[in-house]
Amino acid sequence: MKYNVVNRGDDTSVRLKERFHELAAQCGMALDPECPDIVVSIGGDGTMLHAFHLYADRLDQTSFVGIHTGHLGFYADWKPQELDTLIRHMAADTAEPIRVVKYPIIEIQIVTEQGTETYLALNECTLKGVEGTLVAELRINDERFEMFRGDGICISTPTGSTGYNRSLNGAILHPSLEAVQIAEMASLNNRVYRSLGSSIVLPKHHHCDIYPKKGQKILLTLDHLNMQLSDLISIRCMVADRKVSFVRYRPFPFWNRVREAFIGDIVE
């Protein structure tokens, strides 16, 4: 079993990383930052996003597991005090196929005057205007759908639907659904700019193209990464052919995560 650890950098996460290395060595696991079978994220959801992008080109060979030391670890199954148990599971799995669940992610094709680049996102992609409102035409499956003007647009995965998308009143989607969700940020509606006003869910094999008004400076984010573009022609968002794999050594149903994150204990 080859592994690597990505940590948040705070004192607690660094200590856990060092302890993980000690226990992993005792169990015969090999540290391999280049080609790991499993990447262990120690921190919060931001740490997992960082780990995902570090190994985005190895999604077919690498799986992820999270240890939660942050305030909200939606991608983390394990607590710091369960480190020994996680190590035992990982060491016992060396002779068997790794037990994983696979979640859909987003493919984003960015077209600028320099050409086309393709990226993946685990949570979401957003577009915002840098110097004012975002003005953009949306096309779904190459058919003109709406003319948008507002603060921005958020395109999320099912697992990312619990993040920024939720704050925009988008729906929470179960990760077994291969879909992307498009949510508006403070859209304007008048005779010129008409938008649906609610989030849209597109299934796999559908795509949405967003054409910003020419000359706008655009702030584009991909999970925790961001870039400013002054020559953006369009972006295309759709469900990626590849998926992200998370190691599962015990059941942790998605709706349990949602309840614990946003509702807590139910008071009779």
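These numbers were taken from a predicted model, which means no experiment stands behind them.
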Verify the ring-centre separation between F20 and Y3: is it less than 6.0 angstrom?
-> yes

Kindly determine whether N123 and F52 satisfy side chain to side chain contact (heavy atoms under 4.5 Å, CB included), including the steps that lead there.
-> CA-CA 10 Å; N123 257 12; F52 169 82; over 6 Å; no

Side-chain H-bond candidate by donor/acceptor type, T47 with R8, under 3.5 Å | no

Residue pair T126 / L220, side-chain heavy-atom distance below 4.5 Å = no

Does D151 use its side chain to pair, donor to acceptor, with the backbone of K128 at less than 3.5 Å?
-> no

Non-neighbouring partners of S176 that pass side chain to side chain donor-acceptor pair (under 3.5 Å), sequence neighbours left out | H174

Nearest-0.5 Å distance, CD1 of residue I155 to CD of residue E107 | 13.0 Å

Should M147 and V135 count as side-chain neighbours, where that means a heavy-atom distance under 4.5 Å?
-> yes

Heavy-atom nearest pair, A56 first then L59, reads O-CG, 3.4 Å

Main-chain N/O of P36 paired to T62 side chain as donor or acceptor, under 3.5 Å = yes

Spacing of L127 atom CG and L232 atom CG [to the nearest 0.5 Å] | 6.5 Å

Is a side-chain donor or acceptor of E184 paired with a backbone partner of G197 at a separation under 3.5 angstrom?
-> yes

Has the side chain of E146 got a donor or acceptor atom that lies under 3.5 Å from a matching backbone atom of L196?
-> yes

Okay, side chain of D223, backbone of A121: is any donor-acceptor separation there less than 3.5 Å?
-> no

Residues at least two apart in sequence or cross-chain that pass side-chain contact (heavy atoms from CB on, under 4.5 Å) with A76, listed by chain then number, are H68

Is there a donor-acceptor pair under 3.5 Å between the side chain of N165 and the backbone N or O of I172?
-> no

According to the side-chain hydrogen bond (donor to acceptor under 3.5 Å, both in side chains) rule, which pairs have a member within residues 24-43, sequence neighbours left out?
-> none

Heavy-atom side-chain contact between H207 and V180 under 4.5 Å | no

OH/Y103 to CG/L122 distance, rounded to the nearest 0.5 angstrom?
-> 10.5 Å

Quick one: are C125 and I235 in side-chain contact, heavy atoms under 4.5 Å?
-> yes

Could you check L120 against H53 for side chain to side chain contact (heavy atoms under 4.5 Å, CB included), going step by step and ending with a plain yes or no?
-> CA-CA 8 Å; L120 299 174; H53 284 274; 5.8 Å; no

CD1 (I210) and CD1 (I233) are apart, to the nearest 0.5 Å, by 15.0 Å

State, with a plain yes or no, whether a side-chain heavy atom of L54 is found less than 4.5 Å away from one of V39.
-> no

Any idea how H89 and W78 line up, ring-wise: parallel (<30°), tilted (30 to 60°), or perpendicular (>60°)?
-> tilted

Is there a path of hydrophobic side-chain contacts, each under 4.5 Å between heavy atoms of I, L, V, M, F, W or Y residues, that connects I106 with F246?
-> no

Side chain to side chain contact (heavy atoms under 4.5 Å, CB included) test vs V40 passes for just one of I67, I87, V247, L16, namely I67

Over 12 non-hydrogen atoms of neighbours within 6.0 angstrom of NZ in K79 = no

Is Y55 reachable from L222 through a run of hydrophobic residues whose side-chain heavy atoms are each under 4.5 Å from the next?
-> no

Specify the closest pair of heavy atoms between G43 and S13, including all atoms of both residues, with the distance to one decimal.
-> CA-OG, 4.0 Å

Report, as yes or no, whether the 6.0 Å neighbourhood of atom CG on N169 holds more than 12 heavy atoms from other residues, nucleotides or ligands.
-> no

Answer with yes or no whether the side chains of Q181 and S161 bring together a donor and an acceptor at under 3.5 Å.
-> no

Crowded around K217 NZ? As in, over 12 foreign heavy atoms under 6.0 Å?
-> no

Is N190 atom CG crowded by more than 12 heavy atoms from other residues, nucleotides or ligands, each under 6.0 Å away?
-> yes

Where at least one partner belongs to residues 131-161, residue pairs that pass ring pair (Phe, Tyr, Trp, His ring centres under 6.0 Å), sequence neighbours excluded | none

Applying salt bridge (charged side-chain N to carboxylate O under 4.0 Å, His left out), run through R236 and D142 and close with a yes or a no.
-> CA-CA 10 Å; R236 171 169 290 191; D142 304 317; 3.3 Å; yes

Residue set satisfying ring-ring contact (aromatic ring centres under 6.0 Å, His included) with Y119, at least two apart, ordered chain then number -> none

Does a side chain donor of either S156 or Y164 reach within less than 3.5 Å of an acceptor in the other side chain?
-> no

Interatomic distance, S63 atom OG to R58 atom CZ [nearest 0.5 angstrom] = 10.0 Å

Just do the side chain to side chain contact (heavy atoms under 4.5 Å, CB included) check on L86 and Y249 with the steps written out, would you?
-> CA-CA 8 Å; L86 174 59; Y249 294 117; 3.8 Å; yes

Honestly curious: do V201 and I140 fall in one hydrophobic cluster under the side-chain, below-4.5 Å linking rule?
-> no

Looking at E18 and R15, does any basic side-chain N land under 4.0 Å from a carboxylate oxygen?
-> no

With respect to L202, which candidate in V239, I182, N141 satisfies the side chain to side chain contact (heavy atoms under 4.5 Å, CB included) definition?
-> I182

Say whether M90 and V100 are linked into one hydrophobic cluster, either directly or through other cluster members, by side-chain heavy-atom distances under 4.5 angstrom.
-> yes

Mind checking whether I153 and Y211 sit in one hydrophobic cluster, side chains of I, L, V, M, F, W, Y counted as touching below 4.5 Å?
-> no

F64 vs V6, side chain to side chain contact (heavy atoms under 4.5 Å, CB included): CA-CA, chis, key distance, verdict | CA-CA 10 Å; F64 300 85; V6 176; over 6 Å; no

Has K2 got more than 12 heavy atoms of other residues, nucleotides or ligands less than 6.0 Å from its NZ?
-> yes

No-hydrogen, no-angle side-chain donor-acceptor test under 3.5 Å, K102 and S245 | yes

First locate atom CG of L219, then atom CG of L134, and finally report the distance between them rounded to the nearest 0.5 Å.
-> 10.5 Å

Closest non-hydrogen atom pair, L177 against P104 | O-CG, 3.5 Å

Q81 CD: over 12 foreign heavy atoms closer than 6.0 Å = yes

Please list, chain by chain and in numerical order, all residues satisfying side chain to side chain donor-acceptor pair (under 3.5 Å) with R257, sequence neighbours excluded.
-> D77

Minimum heavy-atom distance between Y75 and G160, given as atom pair plus value = OH-N, 4.1 Å

